[in-house]
Amino acid sequence: MSPAEGDPPRSDEVGADREGRVERRVGDLAEFVREAAYLTKKGQEAYLADSMEGALLRNAGERILIKVATVAEKLPQGFKDRYPDVDWQGINRMRNLVAHHYDRVSHDLIWAALTVRIPELGSRLSVN
């Protein structure tokens with residue numbers, strides 16, 4: 001039986017809801033890993049090209065990175081504590097760099113995040 005309207009949820013209901021949100025967020029991260037893989041299949045030359053296509057690929061790569069960091073930031077600390085080898089602060093710092101200091105972004109650094117760091121994060125979170 002559900003609690004009466006206006007009653008605070010029981011602690012076990014909050015925990016179950018939180019776990020559902022964590023699962024959705026991990027699922028979102030998995031989708032962003034697939035997006036990064038799709039983008040990087042275009043190749044580094046296309047990504048770095050001084051062309052409109054290159055600019056669009058770089059913008060998409062930056063957006064993927066921002067989405068990964070935004071979702072990672074929303075994960076509960078208890079979840080993050082289960083993955084001490086993941087550089088959670090580094091993920092957030094990269095997002096801040098891309099979002100607020102776009103003029104200082106190294107395209108090679110973003111490419112490395114898309115081809116190495118984001119797939120590693122996806123693999124790490126899907127193992128457990």
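For reference, positions follow the sequence shown, starting with 1.
The CG atom of Leu57 sits 13.5 Å away from atom CD1 of Ile110, with the distance rounded to the nearest 0.5 Å. Distance CG/Leu56 to CE/Met52: 6.5 Å, rounded to 0.5 Å.
Considering only residues two or more places apart in sequence or on other chains, Ala60 meets the side chain to side chain contact (heavy atoms under 4.5 Å, CB included) condition with Leu39. Partners of Glu31 under the salt bridge (Lys or Arg N to Asp or Glu O under 4.0 Å) rule, at least two apart in sequence or in another chain, are Arg34. Gln77 is linked by a side chain to side chain contact (heavy atoms under 4.5 Å, CB included) to Lys80, Asp81, counting only residues two or more places apart in sequence or in another chain. Scored by the side chain to side chain contact (heavy atoms under 4.5 Å, CB included) test, Val86 finds Tyr83, Trp88, Ile91, Leu121, Arg124 as partners (sequence neighbours excluded). Residues meeting the side chain to side chain contact (heavy atoms under 4.5 Å, CB included) test with Ala99, sequence neighbours left out: Ile66, Arg95. Residues satisfying the ring pair (Phe, Tyr, Trp, His ring centres under 6.0 Å) criterion with Tyr38, sequence neighbours excluded, are absent altogether. Remark: Trp111 engages Tyr47 in a ring pair (Phe, Tyr, Trp, His ring centres under 6.0 Å) (not counting sequence neighbours). Residues satisfying the salt bridge (Lys or Arg N to Asp or Glu O under 4.0 Å) criterion with Arg117, sequence neighbours excluded, are Asp87.
Nearest heavy atom pair, residue Pro119 against residue Ala113, reads CD-O, 3.9 Å. Annotation for Leu29 and Val68: closest pair CD2-O, 3.7 Å, computed over non-hydrogen atoms.
Evaluation of the side-chain hydrogen bond (donor to acceptor under 3.5 Å, both in side chains) test over residues 50-76, restricted to residues two or more places apart or in two chains, returns Glu35-Lys67. Note on residues 48-77: no pairs pass ring-ring contact (aromatic ring centres under 6.0 Å, His included), not counting sequence neighbours.
Residue Leu114 is not grouped with residue Val116 when hydrophobic side chains (ILVMFWY) are merged at heavy-atom distances under 4.5 angstrom, including chains of intermediate members.
Two residues are said to be in side-chain contact when any heavy atoms from C-beta on lie closer than 4.5 Å; Leu48 and Asp108 meet this criterion.
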